Engineer: 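Below you'll find the structure I mean.
Keep in mind it's a predicted model, so treat the numbers as computed, not measured. Below, read A as the first sequence line, B as the second, and so on, with proteins coming before strands; counting in each chain starts at 1.
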Amino acid sequence: MDLDKQYNSKDVETKWYTLWEAKGYFRPASDRSQTIDHRPQTTDKKKAASVDRGLSTVDSKYVIVIPPPNVTGILHMGHALNSAIQDILTRLNRMKGVDTLWVPGVDHAGIATQNVVEKKLAKEKKTRWDLGREAFLKEVWKWKNENGSTITRQLRRLGSSCDWTRERFTMDEGLSKAVREAFVTLYERGLIYRGHYIINWCPRCQTALSDEEAAHKDMQGGLYHLKYPIAGHKPPYEKMGEDHLVVATTRPETMLGDTAVAVHPDDLRYKHLIGKKVVLPLLNREIPVIADAFVDPEFGTGIVKVTPAHDPNDFAMGHRHNLEQINVMTPDAKINEHGGPYKGMDRFEARKKILQDLEEQGLFVRRDSHLHAVGHCYRCETVVEPYLSKQWFVKMQPLAEKALKAHDEGKTVFYPDRWTKVYKNWLTGIRDWCISRQIWWGHQIPVWYCEKCSTEYGVRSTAKNPSTEAPYAVPRTPYEGIIVSRTTPEKCPQCGSKELTQDPDVLDTWFSSWLWPFSTLGWPEKTEDLRKFYPTSDLVTAPEIIFFWVARMIMAGLEFLGEVPFTRVHIHGTVRAASGLKMSKSLGNSIDPLEVIEEMGADALRYSLVMLSAQDVYLSREKFETGRNFTTKVWNACRFVLMQIGDLQGASHDPAQFEKDKLSLPSRWILSRFEEKTAEIERLLSQFGLAQAATELYHLVWDDFCDWYIELAKPMVQSENVALKVETQKVLFFVCERMLRLLHPFMPFMTEEIWQTFKVKAGSPVTWPESIMLAAWPGREKQSFRDEEAQKAIGLLQDAVTGLRDLRVRSQIAPTDKLTAIFVCKEAKTREILNTFEREVKVLGRLEALQCVLEFKKTGAMAAHSYPAFDVFIPLEGIRDPEEEKKRLQKKIQETEQWIKNIRNKVENPSFAAKAPKEILEKEKEKLADAEKLLVSYQNQFASF
RNA sequence: GGGCUCGUAGCUCAGUUGGUUAGAGCACUACCUUGACAUGGUAGGGGUCACAGGUUCGAAUCCUGUCGGGCCCACCA
């Protein structure tokens with residue numbers, strides 16, 4: 001019945017998690033056949049009526065949206081923090097009796113997963129092309145089935161109480177259906193188009209990426225200045241603007257695709273050259289000099305080489321001037337047949353060779369060191385290439401407008417608020433979303449091309465000038481020869497041909513993730529879950545995911561269901577290594593959450609993380625010790641309580657069992673303290689202040705409960721006064737049980753383990769829920785124990801005891817020596833209180849006897865400690881170092897005088913009296929009185945030397 | 001270039017809408033293996049709240065500027 005001396009996190013965690021899941025506690029209450037009574041039970045009906053049972057919100061629901069982790073992922077600290085926060089919110093609401101749902105799952109992580117499997121194949125010297133699409137996909141599924149549940153298994157280790165019966169995967173049948181529905185719906189609404197544009201291309205993954213997937217990093221690179229001869233001139237080229245122009249570029253290899261050179265139309269230096277031709281070196285192609293306002297005359301020479309197929313700006317310029325687009329690269333970033341002699345070279349190899357060749361021809365001017373942002377593939381870190389290709393896009397502006405409107409109507413709220421701006425800015429300047437990926441693992445685009453009436457994927461042949469497919473000129477009717485369909489079509493509706501080919505590309509993984517809040521609930525079917533749980537309540541995620549996911553989910557929710565998918569968005573900090581860098585495996589600075597769980601337990605991990613999460617979390621191993629020590633403290637405190645209460649009959653968690661006025665002061669105090677802090681914690685939690693709430697709880701448990709109440713209770717439970725003894729046992733039990741419930745969302749495992757023992761202890765006739773998970777959250781109960789008087793009294797007691805302890809240390813009196821102390825207090829009230837606490841002060845201050853007197857003259861060797869309300873003296877064999885003592889007192893006197901001066905200045909300032917609130921004024925006056933009393937005490941002491 | 005954020009004890013950070021003599025954890029010093037707990041207890045030392053102005057009776061907190069970190073966004077080659 002009692003708890004083991006040491007907490008065994010491993011066994012306890014497995015035991016309870018298995019049971020919780022088996023019993024269906026993770027499922028929403030409305031799903032379970034038996035109704036669970038969340039109310040604390042009481043045997044006294046009359047008193048019960050006065051207690052708020054926390055049932056008022058039973059009709060409401062709480063649904064949290066979890067970011068689906070990547071199927072290839074393993075749990076890292078970011079997940080751990082994210083899941084800990086979500087689990088706290090979930091457990092909290094469940095305890096409040098709210099119908100609570102948390103749907104878990106993973107996304108298929110198209111590129112990442114495909115990379116993993118391709119790497120595996122590479123070991124057997126095979127590529128996906130060797131296998132073919134179908135066989136390759138089989139391999140990926142095989143891999144997924146074998147390895148894809150790692151992360152969800154790890155989430156369980158953390159204690160995440162998600163409803164695993166509803167677990168989803170973005171490639172599930174249902175979610176795939178949702179993806180098709182979304183695609184086709186958007187297409188029908190004219191919000192999806194296919195176009196020939198510059199996109200971010202990863203040469204290693206060989207696929208297009210969205211703008212968000214190309215992470216820009218500042219890199220020190222070169223800005224190369226090159227000479228382009230003006231047509232008709234011969235080397236040497238020495239007169240800039242007459243026989244040649246100088247252009248600057250960071251990517252010299254793209255010059256192979258140059259189709260113009262541009263200057264600003266008003267740039268007088270070059271006006272005469274507009275319309276003339278220059279000769280593209282190495283390839284000896286004549287290209288025109290054009291005028292375009294995009295060119296910044298201030299930058300470099302004011303002349304830009306224009307490569308429409310390899311740079312988004314040049315692409316736009318190319319459109320304005322009807323320039324040819326010459327793609328000089330193959331999908332794996334080698335120079336293609338348009339690159340003449342450089343064909344077959346890798347882009348960086350070609351760069352070197354080109355610079356070398358230019359140098360030989362006297363066309364290389366110089367290289368400047370240049371810091372610029374270079375895009376990198378977020379999955380493999382390869383430098384992405386702006387690349388011209390035909391891709392599918394979602395037209396974002398109409399979607400973004402809805403999201404912005406919803407936000408203005410107050411339908412979405414960010415915590416903390418500053419992220420609102422980030423969100424809105426992104427939406428305001430949003431660009432179209434490239435959703436097609438040239439990989440195989442994912443949702444294949446539900447578009448079919450008729451082999452008869454459309455050649456080569458339909459539109460490509462008709463698009464000689466891609467400008468006819470500008471993003472905001474989307475045809476209202478489907479492209480001819482293109483079939484966009486929710487189901488696999490059998491024949492072409494135009495010509496009846498059965499020779500149909502599905503678009504080989506798949507959709508961006510986020511195109512399935514952005515549907516998550518409703519696709520997981522069954523959409524597009526009109527399911528019961530969807531009706532009941534949509535829209536959801538909260539989303540908890542990290543800032544880096546706002547664009548990828550949060551904003552897009554909001555847009556999707558509004559577009560497909562007409563409602564925001566969640567109202568509150570909680571953005572927590574990023575987890576970083578102590579060095580400030582992002583934690584990542586490749587940097588070797590990561591701390592594996594599972595190792596921490598093994599070593600210290602999941603509860604310690606969770607508590608530490610949450611306490612640190614007020615801002616970005618900078619982690620080092622030692623930081624987990626705080627949580628570990630705290631869990632140990634809780635364990636031991638509960639162990640003590642269990643030992644003390646023995647076989648107490650009728651131990652109950654019913655607040656109605658106590659009559660405030662009849663309790664001892666310490667009990668009144670701890671009950672008051674708990675009530676006060678519980679309200680505070682409730683307040684903090686309601687505004688997502690989890691870190692602050694965890695800190696409050698930490699101090700409540702450690703400082704108030706363990707350091708003071710338990711110490712005060714020790715003499716009381718050993719008292720011969722049976723009534724006092726039993727009362728104290730009951731309060732210990734009551735407070736401790738309540739503490740466990742407050743702690744449960746933060747440290748689920750240990751609290752359950754202890755609580756079950758408590759439950760056994762409580763015995764009949766009190767009935768308890770089966771698990772602490774189903775017990776009531778104490779935050780909403782009626783306030784009935786607030787007790788100013790007790791708080792004041794215990795404050796005095798704490799001063800008295802602390803003062804005595806201080807005296808002992810300062811006077812070097814052995815802790816075991818019993819002493820007699822004299823308390824001098826002017827006020828009868830204070831004397832009365834100290835007298836009441838005689839027993840407690842004696843025990844905690846290790847006294848043999850104590851006296852409370854009105855006045856006292858120090859005689860002989862005595863040490864003293866002063867408080868505004870009283871002085872305390874103890875006899876002393878001999879003062880160790882009188883000079884030290886004198887100095888100390890002098891310092892104290894000085895400090896106090898300064899203090900008094902400060903308050904005087906304040907209080908006696910007429911403006912203060914006129915303008916400050918009365919409360920503050922009163923407080924200041926009290927302070928002044930206290931300070932003056934203190935000063936007198938110090939001066940008296942000093943005088944006695 | 002734009003935006004956000006931070007600068008408080010040796011270290012990591014709390015500090016609500018301005019109002020106790022600015023707090024905690026770790027580290028440090030001294031004492032304590034006391035029957036819940038040494039992953040502990042008691043007591044103590046340690047801070048011009050980055051800097052300079054301003055608003056105010058009153059500023060760590062609000063405003064302006066400066067310096068110094070970090071992050072995000074951005075198509076200037």
Side-chain angles (χ1 to χ4, degrees), chain A residues 3 5-7 198 216 223-224 247-251 254 262 294-296 298-307 311-316 370 372-373 386 418-419 421-422 425-426 429 543-544 546-547 574 576 578 580 582 600 604 611-612 614-616 618-620 622-623 625-626 628-644 683-684 687 689 691-692 695 698-699 703 706-707 710-711 714 801-802 805-810 812 814-816 846 895-896 898-899 902-903 905-907 909-917 919-921 923-924 926-927 930-931:
Chain A
L3 299 169
K5 180 139 183 151
Q6 286 247 293
Y7 174 60
I198 299 266
H216 288 269
L223 182 63
Y224 303 91
V247 299
T249 178
T250 51
R251 294 185 296 147
T254 61
F294 164 78
V295 180
D296 175 3
E298 305 290 315
F299 188 91
T301 55
I303 309 171
V304 186
K305 65 192 257 318
V306 185
T307 324
D311 182 281
N313 296 315
D314 295 6
F315 177 79
H370 183 65
H372 62 139
R418 65 172 179 279
W419 295 108
K421 205 169 170 184
V422 176
N425 278 349
W426 187 74
E544 54 263 34
I546 293 177
F547 307 140
T574 306
R576 296 203 161 79
K582 236 182 222 178
M600 307 185 179
M611 272 181 91
L612 289 166
Q615 291 193 358
D616 280 2
Y618 290 79
L619 278 184
S620 60
E622 304 85 67
K623 294 212 175 172
E625 285 170 13
T626 312
R628 193 259 327 255
N629 294 354
F630 184 54
T631 50
T632 310
K633 191 75 182 175
V634 170
W635 181 258
N636 284 313
C638 293
R639 225 156 60 83
F640 170 79
V641 170
L642 280 170
M643 287 165 82
Q644 291 313 308
R683 209 203 89 230
L684 289 167
Q687 19 182 309
Q692 293 94 315
T695 309
Y698 179 96
H699 289 292
D703 303 348
C706 294
D707 288 352
I710 284 186
E711 292 308 321
K714 278 176 183 171
V801 173
T802 315
R805 287 167 173 167
D806 181 35
L807 279 180
R808 231 177 234 281
V809 172
R810 264 180 28 229
Q812 288 203 309
T816 41
R846 303 196 151 263
E895 277 173 15
T896 315
Q898 186 59 45
W899 183 27
N902 289 346
I903 311 174
N905 280 344
K906 212 186 226 182
V907 176
N909 184 326
S911 308
F912 175 72
K915 290 183 186 173
E919 270 178 32
I920 306 276
L921 189 67
K923 260 192 196 169
E924 293 293 328
E926 257 174 62
K927 251 195 299 183
D930 282 352

Engineer: rU17(B) and rG7(B): how far apart are their P atoms, nearest whole angstrom?
Structural biologist: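 After rounding to an integer number of Å, I get 15 Å for this pair.
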Engineer: If you find the nucleotide of RNA chain B closest to N636(A) and the one closest to A614(A), which residue's nucleotide is nearer the 5' end?
Structural biologist: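 Between the two, 5'-proximity favours A614(A).
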Engineer: Just name whichever nucleotide pairs with rC4(B), Watson-Crick or G-U, keeping both distances under 3.5 Å, else none.
Structural biologist: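 Base-paired to rG70(B).
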Engineer: What's touching nucleotides 22-24 of chain B from the protein side, N or O pairs under 3.5 Å?
Structural biologist:
from, atom 1, to, atom 2, distance (Å)
rA24(B), O2', H699(A), NE2, 3.4

Engineer: With a 3.5 Å limit on both atom pairs, tell me what rG10(B) is paired to, counting Watson-Crick and G-U wobble, or say none.
Structural biologist: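 For rG10(B), the partner nucleotide comes out as rC26(B), under the 3.5 Å rule.
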Engineer: With a non-hydrogen cut-off below 4.0 angstrom, is R683(A) in contact with a base, only sugar-phosphate, or nothing?
Structural biologist: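 Touches a base.
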Engineer: Roughly how far, to the nearest 0.5 Å, is NZ of K714(A) from CZ of F640(A)?
Structural biologist: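 Going from CZ on F640(A) over to NZ on K714(A), the span is 5.0 Å.
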Engineer: Within the 4.0 Å heavy-atom criterion, would you say C706(A) contacts the bases, only the backbone, or no part of the nucleic acid?
Structural biologist: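 Result for C706(A) = base.
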Engineer: Taking the C1' atom in each of rU56(B) and rG18(B), what is the distance between them to the nearest angstrom?
Structural biologist: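 So the two C1' atoms sit 9 Å from each other.
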Engineer: How is K305(A) classified with respect to the nucleic acid when contacts are heavy atoms under 4.0 Å: base, sugar-phosphate, or nothing?
Structural biologist: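 No contact at all - K305(A) keeps every heavy atom at 4.0 Å or more from the nucleic acid.
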Engineer: Sort me out a list of protein N/O and nucleotides 18-21 of chain B N/O pairs below 3.5 Å, or just none if empty.
Structural biologist:
from, atom 1, to, atom 2, distance (Å)
rU20(B), O3', K927(A), NZ, 2.9
rU21(B), OP1, W899(A), NE1, 2.7
rU21(B), OP1, K927(A), NZ, 2.9
rU21(B), OP2, K927(A), NZ, 2.8

Engineer: Determine the interatomic distance between P on rG69(B) and the same-named atom on rG58(B); round to the nearest Å.
Structural biologist: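 Pairwise P distance, rG69(B) against rG58(B), rounds to 35 Å.
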Engineer: Does Y698(A) have K633(A) sitting over its ring (NZ/CZ under 6.0 Å from centre, angle to axis within 45°)?
Structural biologist: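 No, a cation-pi geometry is absent between K633(A) and Y698(A).
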Engineer: Looking for any heavy atom pair under 4.0 Å, which part of the strands does R628(A) touch: base, sugar-phosphate only, or nothing?
Structural biologist: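 Base contact.
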Engineer: Are any protein N/O atoms closer than 3.5 Å to N/O atoms in nucleotides 2-10 of chain B? If there are, list each pair with its distance.
Structural biologist:
from, atom 1, to, atom 2, distance (Å)
rG3(B), O3', K421(A), NZ, 3.2
rC4(B), OP1, K421(A), NZ, 3.0

Engineer: Closest nucleotide of RNA chain B for E298(A) versus for M643(A): which of these residues is on the 5' side?
Structural biologist: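 By nearest-heavy-atom nucleotide position, the 5'-most residue is M643(A).
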